[in-house]
Amino acid sequence: MGLWSNKRVSLLPKRTLGVSGERLSLLPVQKEGAPQTGPKPEREIAAPKPRIRAARSWKRITILSCFGVAGFGFAVALMAGGVYWYSRSPKTPKAWNEKAIQALYVGTKFVEEGKENTLRAELVFDLWNTTGYDFTLEAKPSETMIVMQKVRSEPSLVDGLGLTWTVEHGSGTGQLHADGIPGFSREAFLVGPVFIPAGEAVRVDFWSEYDIFDIVAAIGNDEKIRLSDPAQQRKILKHALTDTDSFVLLDKKNHYRIELPLQDAVK
């Protein structure tokens with residue numbers, strides 16, 4: 001035989017024997033990164049990280065809470081400023097209510113005082129409370145009740161010092177002296193206050209005292225003083241109220257103006 005054999009040489013790769021002696025075929029290995037012909041697998045969505053989201057939620061709540069507290073504080077400050085401004089601003093004076101307590105003249109009585117030559121006139125009025133609230137006519141002296149007189153000669157009010165009042169006593173009651181003996185008690189007719197319920201009328205006695213100077217000026221020096229004489233009593237009262245059109249009670253607490261007309265009292 002020469003160098004060249006007559007046997008054909010196969011160009012195919014020879015099979016190799018494995019460890020177990022079996023023949024293994026050499027198959028081409030698919031390289032990594034080669035395109036796949038099958039369907040592509042679905043892309044997996046990463047699950048949210050709860051810790052990061054929770055931190056962001058608390059941060060948002062904290063920011064909103066800060067804004068809420070700041071807004072509330074601003075609103076409170078604005079309201080306080082408004083109240084302060086309103087309290088400091090000048091207010092329009094409240095008008096006097098002349099219709100709350102209406103006075104109706106009933107009559108006039110006279111009482112001779114225990115003092116010599118002193119006459120007390122009892123001017124009786126019904127005070128009607130037209131409001132829906134109870135009212136108390138305070139007794140004198142009082143810081144909230146002022147007594148004035150409305151004069152006829154000019155549109156002015158003058159001091160009404162000396163006028164007092166008390167609720168009229170019924171026939172079923174008796175008056176006692178300071179020593180407890182029944183009879184006329186001067187103190188009983190000078191004590192107030194007078195309570196007037198809402199929508200009710202209360203009869204009130206208004207007292208005005210006249211001494212010897214008023215009496216002499218009314219009847220003259222030539223006439224004998226007889227205070228029990230009704231004609232002389234009327235003359236004394238008419239002279240004392242010559243320039244008085246009415247008594248005016250000013251209740252500063254409720255801003256009530258109560259006018260007691262005297263036209264019928266001096267007829």
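Numbers here simply count residues along the sequence, with the first being 1.
Here the straight-line distance linking atom OG of S246 with atom CD of Q149 works out to 9.0 Å at 0.5 Å rounding. Atoms CG and CD1, from L137 and I258 in turn, are 5.5 Å apart once rounded to the nearest 0.5 Å. Annotation: the span from D205 atom CG to T166 atom OG1 amounts to 7.0 Å, rounded to 0.5 Å. Put simply, CD1 on I196 and OG1 on T136 are 8.0 Å apart, with the number rounded to the nearest 0.5 Å. Of the inter-residue distances, the one linking T118 atom OG1 with E209 atom CD reads 5.5 Å to the nearest 0.5 angstrom. If you take OG1 on T131 and CG on N254, they are separated by 8.5 Å, rounding to the nearest 0.5 Å.
Shown here for W128 and A201, the closest heavy-atom pair between the two residues is CE3-CB, 3.0 Å. Considering every non-hydrogen atom in both A265 and L237, the closest pair reads O-CD2, 3.7 Å. Nearest approach of Q102 to K99, heavy atoms of both residues: NE2-CA, 2.9 Å. In terms of heavy atoms, P197 sits closest to D134 at CA-OD1, 3.4 Å. Of all heavy-atom pairs spanning L127 and A103, the tightest one is CD2-CB, 3.6 Å. The shortest heavy-atom contact between L119 and F110 is CD2-CD2, 3.8 Å.
Among residues at least two apart or in separate chains, salt bridge (Lys or Arg N to Asp or Glu O under 4.0 Å) pairs with a member in residues 234-243 are E223-K235. Screening residues 142-164 for ring pair (Phe, Tyr, Trp, His ring centres under 6.0 Å), with sequence neighbours left out, gives no hits. Within the structure, every pair that satisfies the ring pair (Phe, Tyr, Trp, His ring centres under 6.0 Å) test and touches residues 248-267, not counting sequence neighbours, is listed here: W96-H255, F135-Y256.
Here F247 pairs with nothing under the ring-ring contact (aromatic ring centres under 6.0 Å, His included) rule; sequence neighbours left out. With sequence neighbours excluded, the residues forming a salt bridge (charged side-chain N to carboxylate O under 4.0 Å, His left out) with D229 are R226, listed by chain and number. With sequence neighbours excluded, no residue satisfies side chain to side chain donor-acceptor pair (under 3.5 Å) with R152. Listed by chain and number, the residues in a side chain to side chain donor-acceptor pair (under 3.5 Å) with Q263 are D245 (sequence neighbours excluded). With sequence neighbours excluded, the residues satisfying side chain to side chain donor-acceptor pair (under 3.5 Å) with T144 are E138, S142. Looking at residues two or more places apart in sequence or on another chain, you find no ring-ring contact (aromatic ring centres under 6.0 Å, His included) involving F195. Residues satisfying the salt bridge (charged side-chain N to carboxylate O under 4.0 Å, His left out) test with D126, not counting sequence neighbours, are R203. With sequence neighbours left out, N97 forms a side chain to side chain donor-acceptor pair (under 3.5 Å) with no residue at all. Under the side chain to side chain contact (heavy atoms under 4.5 Å, CB included) criterion, I212 pairs with N117, V216, I225, sequence neighbours left out.
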> Can you check side-chain contact (heavy atoms from CB on, under 4.5 Å) on E122 and F206, steps first, answer last?
Replying inline: CA-CA 6 Å; E122 177 186 353; F206 291 89; over 6 Å; no
>> Let's go through D214 and H239 carefully: what are the C-alpha distance in whole Å and the side-chain angles of both, what is the deciding distance for side-chain contact (heavy atoms from CB on, under 4.5 Å) to 0.1 Å, and is it a yes or a no?
In response: CA-CA 8 Å; D214 299 313; H239 181 271; 5.9 Å; no
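Panel note: side chain K140, backbone M145; no donor-acceptor pair is recorded below 3.5 Å. Under a 3.5 Å cut-off, the side chain of E168 and the backbone N or O of V124 do not form any donor-acceptor pair. N129 places a side-chain N or O within 3.5 Å of a backbone atom of Y133 that can act as its donor or acceptor partner. Side chain of K252 to backbone of E143: a donor-acceptor contact under 3.5 angstrom is found. The backbone N or O of V151 lies less than 3.5 Å from no partner atom in the side chain of E154, so there is not a single donor-acceptor pair.
Using a 4.5 Å heavy-atom cutoff, the side chains of L161 and V147 are not in contact.
Both F213 and I236 are part of a single hydrophobic cluster, where members link through side-chain heavy atoms under 4.5 Å apart. Note on I101 and L250: separate hydrophobic clusters, where clusters join Ile, Leu, Val, Met, Phe, Trp and Tyr whose side-chain heavy atoms are under 4.5 Å apart, directly or indirectly. One hydrophobic cluster holds both L227 and Y210 under the rule that ILVMFWY side chains link at heavy-atom gaps under 4.5 Å. Note on I146: it does not cluster hydrophobically with L163, by side-chain heavy-atom contacts below 4.5 Å among ILVMFWY residues. Neither V248 nor L241 shares a network with the other; the hydrophobic side chains, linked directly or stepwise wherever heavy atoms of I, L, V, M, F, W or Y lie under 4.5 Å apart, form separate groups for each.
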